[in-house]
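Every chain is numbered from 1 and lettered A, B, ... according to where its sequence line falls, protein lines coming before strand lines.
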There are 2 protein chains.
Amino acid sequence: MKRIALDMDEVLADVYAKLLIYFERDLGWQPKWEDYAGKKLYQLEGAQHLRKYLHARGFFGDLKVMANSQMVVQELQAHYEVFIVTAAQEFPNSLIDKYEWLEVHFPFIHWRNFVMCGDKSIIQADYMIDDHVRNLRNFQGTCLLYTASHNIHNTDFIRVNDWLEVRRFFQQELAKEGKTL
Amino acid sequence: MKRIALDMDEVLADVYAKLLIYFERDLGWQPKWEDYAGKKLYQLEGAQHLRKYLHARGFFGDLKVMANSQMVVQELQAHYEVFIVTAAQEFPNSLIDKYEWLEVHFPFIHWRNFVMCGDKSIIQADYMIDDHVRNLRNFQGTCLLYTASHNIHNTDFIRVNDWLEVRRFFQQELAKEGKTL
């Protein structure tokens, strides 16, 4: 069975939805997508401190699930080994938050398939779905760039804008082998 | 630079030294190496419950460091990228314990090189040092089996009995390229 290495933040878990709440609370206005298109939210003026919230215990524990991700991941498991590969090490408090979040929202993925790492170049799989260009650059398999504000100008990878596009991509992959998702 | 994937438990961190203390406390006698040679300590009669202690927060936080491991790992870093690859996911409480333990005892290894996983077959590196045959079986690079009671009968891999033997192995590897450790 081929393997898919699946990122968490901004791919399965909606970090920005939560950061936008903190942004509005702290800065008094709610930025629109156009305001941070092409960059990270905390690169906006006065928002640099937002990144500190990522270090707090609990931050990653109650993030919203990206639309349709649960359904599509479960479908993919019929044909692929799905591994969660998350760069959690910069935020040690996120380790247990992320583990528990996965158990709640993706109970059909076994803990054996959870990987918390720092540098994803150590990962060996057939597909990687990630919003960070730096992770995909060092990957030897097929790369899918999951759209996030900071990567919209990149044209080096196959782009997926949402989970229905992820599903469509793998439907096409499976169709080459005469299979259906 | 070639990469070494380095296991923690029973390779860098002495789990058995701590389990033996619990064993004696709970069962009233201290087993010798011969008593559990060829198996795991908690496979001894009446000791099955010891495995439960591994789930407790803190268990992995104060383990002793294996003799000479710090010195040799630091030497290896001059020639190799050293990644810590630990199967922590069975014990979610161990995630933060292991992270903190590494920061205390191996501060010269960057957190980017910490990998907490379940199934090590996702790891891509040139060398793997591990005490579990199942981890080495799925590895495509060069395998070093670090001696532990449960693996003494295995003859499928290059065996290292301690960190001075690990050093000797890499001295020989480097000598092939005209380098010294």
Same cluster (ILVMFWY, side-chain, under 4.5 Å), [X] and [Y]:
X        : Y        : result
B:Leu144 : B:Tyr146 : yes
B:Trp101 : B:Tyr16  : yes
A:Val104 : A:Ile84  : no
A:Phe91  : A:Leu95  : yes
A:Leu145 : A:Ile152 : no

- Query: Is it the side chain or the backbone of B:Tyr99 that comes within 4.5 Å of chain A heavy atoms, both, or neither?
  - Reply: side chain

- Identify which part of B:Glu90 has an atom lying under 4.5 Å from any heavy atom of chain A, answering side chain, backbone, both or neither. both

- A:Gln140, A:Glu81, A:Lys120: which one forms the most heavy-atom pairs within less than 4.5 Å of chain B? A:Gln140

- Item | Among the listed options A:Met116, A:Arg3, A:Arg112, the residue most often paired with chain B at heavy-atom distances under 4.5 Å | A:Met116

- Item | Rounded distance (nearest 0.5 Å) linking atom CG of A:Asp119 with atom CH2 of B:Trp111 | 9.5 Å

- What are the two closest non-hydrogen atoms of A:Ile122 and B:Val115, and how far apart are they? CG2-CG2, 4.0 Å

